[in-house]
Amino acid sequence: MIKNRPRVYHDILEAVDYLFSINPKLAEDFLDRIEEAKIKIQNTPNGFQIQYLSVRTILLRQFAYHIYYIVEDYKIIILAVLHAQSGEKKIGKI
């Protein structure tokens, strides 16, 4: 089971708004890549790099964005979706 922290929706909306302003197709592709990454996380939750303490990360295909998540018991909790350039600085504050 995958759950999103509330800030995840804000992160995604912010990225989608930016990408849509460049090209609507990019925004659509971004959402598709997020869904692909969620499937990968669900299939192998412990299979991705630990970035900060117990926070794992997966880089989206085609985009410089990471999904940051933790695995607690049998739940996957997505903490944030952040751009690769700023994510490492921000994840420690979440």
Side-chain angles (χ1 to χ4, degrees):
M1 169 193 255
I2 294 182
K3 296 182 88 175
N4 291 332
R5 288 265 173 94
R7 77 157 287 139
V8 172
Y9 302 105
H10 171 75
D11 293 344
I12 292 171
L13 185 58
E14 186 177 292
V16 165
D17 284 347
Y18 170 71
L19 294 167
F20 190 86
S21 72
I22 297 168
N23 181 336
K25 178 75 170 110
L26 277 176
E28 183 180 331
D29 290 347
F30 179 76
L31 293 173
D32 290 343
R33 298 300 88 79
I34 287 177
E35 291 307 312
E36 288 174 2
K38 283 182 167 182
I39 290 168
K40 289 179 182 179
I41 292 168
Q42 202 161 19
N43 289 337
T44 55
N46 294 313
F48 298 96
Q49 177 184 359
I50 294 176
Q51 186 74 27
Y52 180 82
L53 299 176
S54 62
V55 178
R56 294 182 180 274
T57 183
I58 181 173
L59 178 65
L60 297 183
R61 186 170 62 87
Q62 183 184 352
F63 294 94
Y65 281 83
H66 289 264
I67 294 179
Y68 292 90
Y69 69 97
I70 56 174
V71 179
E72 288 184 348
D73 300 317
Y74 295 98
K75 293 183 289 188
I76 299 162
I77 302 167
I78 297 179
L79 305 174
V81 177
L82 300 171
H83 191 274
Q85 207 169 30
S86 62
E88 285 186 36
K89 295 174 190 165
K90 292 181 179 179
I91 198 62
K93 299 174 185 172
I94 294 176

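If you're wondering where the values come from, they're calculated on a predicted model, not measured in any experiment.
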*Asks:* Measure the spacing between CZ of Arg61 and CG of Asp32 and express it to the nearest 0.5 Å.
*Replies:* 9.0 Å
*Asks:* Between Tyr65 and Phe30, is the ring centroid distance below 6.0 Å?
*Replies:* yes
*Asks:* Locate the shortest heavy-atom distance separating Val71 from Asp73; write the atom from each residue and the value.
*Replies:* CG1-O, 4.0 Å
*Asks:* Can you tell if the side chain of Arg5 reaches within under 4.5 Å of the side chain of Ile77, non-hydrogen atoms only?
*Replies:*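 The answer is yes, as the side chains (C-beta and beyond) meet within the 4.5 Å cut-off.
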*Asks:* Using every non-hydrogen atom in the two residues, find where Pro45 and Arg56 come nearest and quote the distance to one decimal.
*Replies:* O-CD, 3.4 Å
*Asks:* Taking atom CD1 of Ile76 and atom NZ of Lys3, what is their separation to the nearest 0.5 Å?
*Replies:*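 Ile76 CD1 to Lys3 NZ: 12.5 Å, rounded to 0.5 Å.
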*Asks:* Under a 3.5 Å distance rule, please check whether Thr44 uses its side chain to pair with a backbone N or O of Ile41 as donor and acceptor.
*Replies:* no
*Asks:* Do you know which two heavy atoms are closest between Ala37 and Leu60, and how far apart they sit?
*Replies:*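 Nearest pair, atom of Ala37 first, then Leu60: CB-CD2, 3.6 Å.
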*Asks:* Under the side-chain contact (heavy atoms from CB on, under 4.5 Å) rule, what do Leu79 and Val55 come out as? Steps first, then yes or no, please.
*Replies:* CA-CA 9 Å; Leu79 305 174; Val55 178; 3.8 Å; yes
*Asks:* Is Phe20 linked to Leu26 within one hydrophobic cluster, defined over Ile, Leu, Val, Met, Phe, Trp and Tyr using a side-chain heavy-atom separation of less than 4.5 Å?
*Replies:* no
*Asks:* When clusters are formed by joining ILVMFWY residues with side-chain heavy atoms under 4.5 Å apart, either directly or through shared neighbours, do Ile2 and Val81 land in the same one?
*Replies:*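 Yes: a chain of side-chain contacts under 4.5 Å links Ile2 to Val81.
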*Asks:* Can you tell me how far apart CZ (Phe63) and CG (Leu31) are? Round to the nearest 0.5 Å.
*Replies:* 9.0 Å
*Asks:* For Ile34, which of Ile39, Val8, Ile12 qualifies under side chain to side chain contact (heavy atoms under 4.5 Å, CB included)?
*Replies:* Ile12
*Asks:* Hey, what do you get for CD (Glu36) to NZ (Lys40), rounding to the nearest 0.5 Å?
*Replies:*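 Spacing of CD (Glu36) from NZ (Lys40) equals 6.5 Å.
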*Asks:* Got a second to check how far Ile58's CD1 is from Gln49's CD, nearest 0.5 Å?
*Replies:*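 CD of Gln49 is found 11.5 Å from CD1 of Ile58.
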*Asks:* With rounding to the nearest 0.5 angstrom, report the CD1 to CD1 distance, Ile78 to Ile67.
*Replies:*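 Output value for this atom pair is 5.0 Å.
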*Asks:* Do Lys75 and Glu72 meet the salt-bridge criterion of a basic N to acidic O distance under 4.0 Å?
*Replies:*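 No, no charged N to carboxylate O under 4.0 Å.
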*Asks:* What are the two closest non-hydrogen atoms of Gln62 and Arg33, and how far apart are they?
*Replies:* OE1-NH1, 2.6 Å
*Asks:* Test of understanding: clusters of I, L, V, M, F, W, Y form through side-chain heavy atoms closer than 4.5 Å, transitively. Do Tyr9 and Leu19 belong to the same one?
*Replies:*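 Each belongs to a different hydrophobic cluster.
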*Asks:* For a side chain to side chain contact (heavy atoms under 4.5 Å, CB included) with Thr57, tell me which candidate from Tyr68, Tyr69, Phe48, Tyr52 qualifies.
*Replies:*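 So, applying the side chain to side chain contact (heavy atoms under 4.5 Å, CB included) to Thr57 and each of Tyr68, Tyr69, Phe48, Tyr52, only Tyr68 qualifies.
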*Asks:* Less than 4.5 Å apart, side chain to side chain, heavy atoms only: is that true for Leu59 and His66?
*Replies:* yes
